[in-house]
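Working notes for the structure below.
Residue numbers begin at 1 in each chain, while the letters A, B, ... track the order of the sequences.
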Amino acid sequence: MFHQQFFMVGLLFVCRQIRSHVSYEVKDDVAVIRINNPDSKVNTLSIPMQREMAEVMNEVWANGAVKSVVLISSKPGCFIAGADINMIQACRSAEEVTALSQEGQKMFEKIEKSPIPIVAAINGSCLGGGLEFALACQYRVATKSRKTVLGTPEVMLGLLPGAGGTQRLPKMVGLPSAFDVMLTGRNIRADKAKKMGLVHQLVDPLGPGLKDSDVRTVEYLEEVAVGFAKGIVNKSIPLTKRKGIMQKLQDYAMGIPFVRQQIYKTVTKRVMNQTKGLYPAPLKIIECVKAGLEKGSEAGYLEESQNFGKLAMTPESKALVGLYQGQVACKKNRFGTPEREVKNLAILGAGLMGAGIAQVTVDKGVNVILKDTATEGLSRGQDQVYKGFNAKVKKKSITSFERDTTMSCLTGQLDYSGFERVDMVIEAVFEDLSIKHKVLKEVEAVTPPHCIFATNTSGLPIKDIAAASKRPENVIGMHYFSPVDKMQLLEIITTDKTSKDTTASAVALGLKQGKIIIVVKDGPGFYTTRCLSPMLAELLRLLQEGVEPKKLDLLTTSFGLPVGAVILADEVGIDVAAHVGKTMTKAFGSRLDGGNIEVVTTMVEKGFTGRKAGKGFYIYEKGSKSRNINPAAEEILKKFKLSAPPSVSSDSDVQYRLVSRFVNEALLCLQEGILSNPMEGDIGAVFGLGFPPFLGGPFRFVDAFGADKLVQKMKKYEEVYGNQFTACQLLQDHAKDSSKKFYK
Amino acid sequence: LVQTKSKKTLAKPGVKNIVLVEGVRTPFLLSGTIYNDFMAHDLARAALLGLLNKTSLPKDAVDYIVYGTVIQEVKTSNVAREAALGAGISEKIPAHTVTMACISANQAITTAVGLIAAGQCDVVVAGGVETMSDMPIRHSRKMRKTMLTLNKAKTLSQRLTLLSKIRLGYLTPELPALTEFSTNETMGHSADRLTAAFGVSRREQDEFAFRSHSLAKKAQDAGLLSDVLSVNVPGKGIVSKDNGIRPSSMEQLEKLKPVFIKPHGTITPASSSFLTDGASAVLLMSEEKALAMGYKPKAYLRDFVFVSQDPKDQLLLGPSYATPEVLEKSGITLDDIDVFEFHEGQILANLKAMDSDWFAQTCMGRKSKVGVLPIEKLNLWGGSLSLGHPFGATGARLVTAAVNRLKKEGGQYALVAACAAGGQVVFDL
């Protein structure tokens, strides 16, 4: 007997030595299981983690002295961030992925049926598989920390919650909330999660005491969770929640099959409206939920695992996962840490752009001077920033006090006072080379030698602007996208003379502003504007050929663009489009031609400059959502009418004429070295220009669609329109050799 | 506060000696009890009159009056002045009111010290008052806005249009906030987080509450609380005792449920101060003046500091920061102090903070911890948990209690500390 015990202890010791992801200790009669992936900032559900977790659970269940369990992470800002994407990517078939999903389902089923209560103690991100794990536990306690977020982001990767999530969520939070969580994939903060019924209790984060605040908060969470675990065992803490009247009513309604059917219908319709049927994952999620509720949980789990497998093999999911990985890569500074941190920033021009840049900068604790030349413009700009933060107050994501302290980092002024302290200037003045030269000289006269001059131009070559500079190594392009607080992309443009430290500094500031960053070489239109330009030129030609604006918008949105191409032109501004078009044609010649530029110049003359003027191709009225065609613009188009060659004017041709010119230009940018890799090209196109995310960007599109097929289409158009559709060398190379891919 | 005896004097060359002649307070009563019909200036007046009677100070001998208060009655926003006028003090004598959360009376006292030190005045009454039995409850902002616009409306139709805009929601009243404006967190909530951050257990808190009530009861029974006045409350008779002291047993304390963070918080009604009504006052003079008038001063007031911290996570840690600072300023150490009177708001967390090297190095920028505060010298006559805590009045109670204890216990130096919303603290020495 003695020997046996001794042997057991020895074995236990050995087991603990081997485990690297999961460990546990028994406190009184509570087993505290700690998750800690080695060599990583976050915990993910990887194969070794799952194996160790299963081992630990079996030991705990076998230990009669343990009456309850607390599950907690040792990482400060992360519970479990989700399943390991590499694990799914390593699979070669749908069956393999389905098997992975079934293993997960089985493991969580065991957790759910645990003979002793398991309390999930959540601090930091609890996403995807992490949330599914927590949902299987009997009780959930979360910290109110800002880092604590719950959610099922699988849908954004073209997947679904594949470890029981589609089955447990509807039961826990009700059908409407479950669909909302799974179909949007949004992050849910702790207090909202408590309201929804996702977690039972909240714990406040602690300030510094005898230890660091993060460390002590996790300790405290553990203490509280242990208390709850004991309370559940001695029945002082109930496992069931008391339901409010609304909740009871909702439960009653959901019990009626007819009501459920109506909900499936409405949700499906909404999904179809938003995705145009281009994204398979949301529809599969609805199917899984439906199967579970209508045919029982066995059918539900089966449907879930099979659909998970199928989705993982879809090109849509692969594209979205690629974008996710690209996004992670574009949130790193590959130029290193800059010598000086930008603590004081000046922005020239308080227009939409300037104010937008100010808004995303001040709340990061950077002091911002917003300079304009006129009081009206300045006051409008400051108002824009204030409104941005006030909207957050209304949404309760910040307090009014935080808004006020943030706003106090912003100084509005009309002169150059205080510029002697500024580390970087971003100019967002009118797109005119002589004006840019004028402000550059003015700025250099008042700023310290280390000050960086960043120009927010969408088309003018940076080297032309830098030509007026005494310190060209400090000049860089920072191309933001409007509206700055919503659009995630920042395109940074370096010239041959831009120093590495200047680039590092610009990237560091952009990252602080929360941007996804691509760094490209200088040239007319850089990368993004250059891709957009031929597409807009083609759009203009299609309009002249008599395709209705509404039809064009429908064709482009059904291809997957988030807004119709004509609306996009109105949003960008017809005057801007005209200006860019002229510059680009000047730089690249007839290859970038398309429709007659006279159309847009006439429109600008008449004041139809787009959305901002209330009139472009469409008429925009305040308060009214419906858009009507601007008949005067139609008149202009009629005046410049072209005949549509029937061989290249089918709906599909219209789509591919637009897309192929975009994609060809993107590839050309890589060929010419403007882009340093295909990944940045894809990220730029999707996050800056709205290239359909499910296609993953122009480069992944070529890989998936087939370069040869694209070249064939382009040849057909080339016959009609000439060199504008000549496939670039890189595309032709890929067409000739099908083994050539941008992504392995 | 110092009594000159064996140890060195803390007098500084070129700085006037400022003395405390006497200190009094009304009984501290639970809100909503006997002081129910009093307004703040009634309480303040009672303390003022009590002080004048006790010291036989002629009403025209006062040069200045300063009072502290937290939640102001709008009608008597300068409550010091209303109390002085009501007490029959000459209308020629100026008075003003200060506010600094729970250390408002300390601020009143240090203001008085400043007036005397600067040679502006020789005789100043400083004190504090608070009533939670009556609070200014306001109309909502929307309703106030409508009513104010209504005042300006000229025609009947304008008025009717305005009136028609009133919605039911406008009628929801607005209570005075006991939350920090900047963080929107109530003090109790913040305190519970603080105790957790310092690992103060429920047991420790219950024990401390038990100690506070037992000591207060003992002091009350032994007649040590000589600063408490007898106040005649019209229609309710004479009150001469604090009514919040409730010595009970540890078992009873253990049964109480947490009040702020439920269900896992550690602060209960016993380990937090109850809402209290009361007023306090002290008479301060320059030493020459006091001697010339024939008074025997009780103590010298030597040094003080105010500090402030992050209002979210360090709201109630003022004493930890201020103690070492004021000791260094005076050139003495923790061991030299004979009497400690600390406000009992999160005192345990403060004791732990002062005893932590990590906290001293990380948060206070000091090389090592402040030290262990000798609990056998702390709040021996009860404290804010048992006697009560009328926000504006507590500071003067602490100072008077410290002085009276010095006399009784034969000590020389006393140290007073309190924490306040906004994260500030005062120390008198």
| note | Between B:Asp313 and A:Pro208 the two heavy atoms that sit nearest each other are CB-CD, 3.9 Å
| task | Give, as side chain, backbone, both or neither, the part of A:Glu402 having an atom under 4.5 angstrom from any heavy atom of chain B. | result | neither
| said: Between B:Thr362 and chain A, with a heavy-atom cut-off of 4.5 Å, which part of the residue counts as in contact: side chain, backbone, both or neither? | reply: neither
| field | side chain to side chain contact (heavy atoms under 4.5 Å, CB included) evaluation trace for B:Trp358 with A:Leu210 | value | CA-CA 6 Å; B:Trp358 187 89; A:Leu210 302 179; 5.6 Å; no
| query | Does atom CZ of A:Arg340 have more than 12 heavy-atom neighbours from other groups under 6.0 Å away? | reply | no
| query | Is it the case that more than 12 heavy atoms not belonging to A:Leu239 sit under 6.0 Å from its CG atom? | reply | yes
| said: Quick check on B:Lys262 against chain A: is it the side chain, the backbone, both or neither that has a heavy atom closer than 4.5 Å? | reply: backbone
| Under 6.0 Å from the NZ atom of A:Lys211, do we count more than 12 heavy atoms belonging to anything else shown? | no
| field | Heavy atoms of other groups near A:Lys364 NZ, more than 12 under 6.0 Å | value | yes
| query | Is the NZ atom of A:Lys27 crowded by more than 12 outside heavy atoms at less than 6.0 Å? | reply | yes
| query | Which distance, rounded to the nearest 0.5 Å, do you find between the OH of A:Tyr220 and the NE2 of B:His264? | reply | 4.5 Å
| More than 12 heavy atoms from other groups under 6.0 Å of CZ on A:Arg146 | no
| said: Would you compute the distance between atom CD of A:Glu223 and atom OG1 of B:Thr266 and round it to the nearest 0.5 angstrom? | reply: 10.5 Å
| message | To the closest 0.5 Å, what do you measure between CZ (B:Phe260) and CG (A:Asp204)? | response | 13.0 Å
| field | Where B:Arg193 and A:Pro205 come nearest, the two heavy atoms and their spacing | value | NH1-O, 2.9 Å
| remark: Bottom line for B:Leu194: the part with an atom under 4.5 Å from chain A's heavy atoms is neither
| Given the options B:Ser182, B:Ala349, B:Ser356, which has more heavy-atom pairs under 4.5 Å with chain A than any of the others? | B:Ser182
| task | Would you mind checking which part of A:Asp212 comes under 4.5 Å of any heavy atom in chain B, side chain (CB onward), backbone (N, CA, C, O), both or neither? | result | both
| field | Most chain A-contacting option - heavy-atom pairs closer than 4.5 Å, from B:Gly199, B:Pro263, B:Ser190 | value | B:Pro263
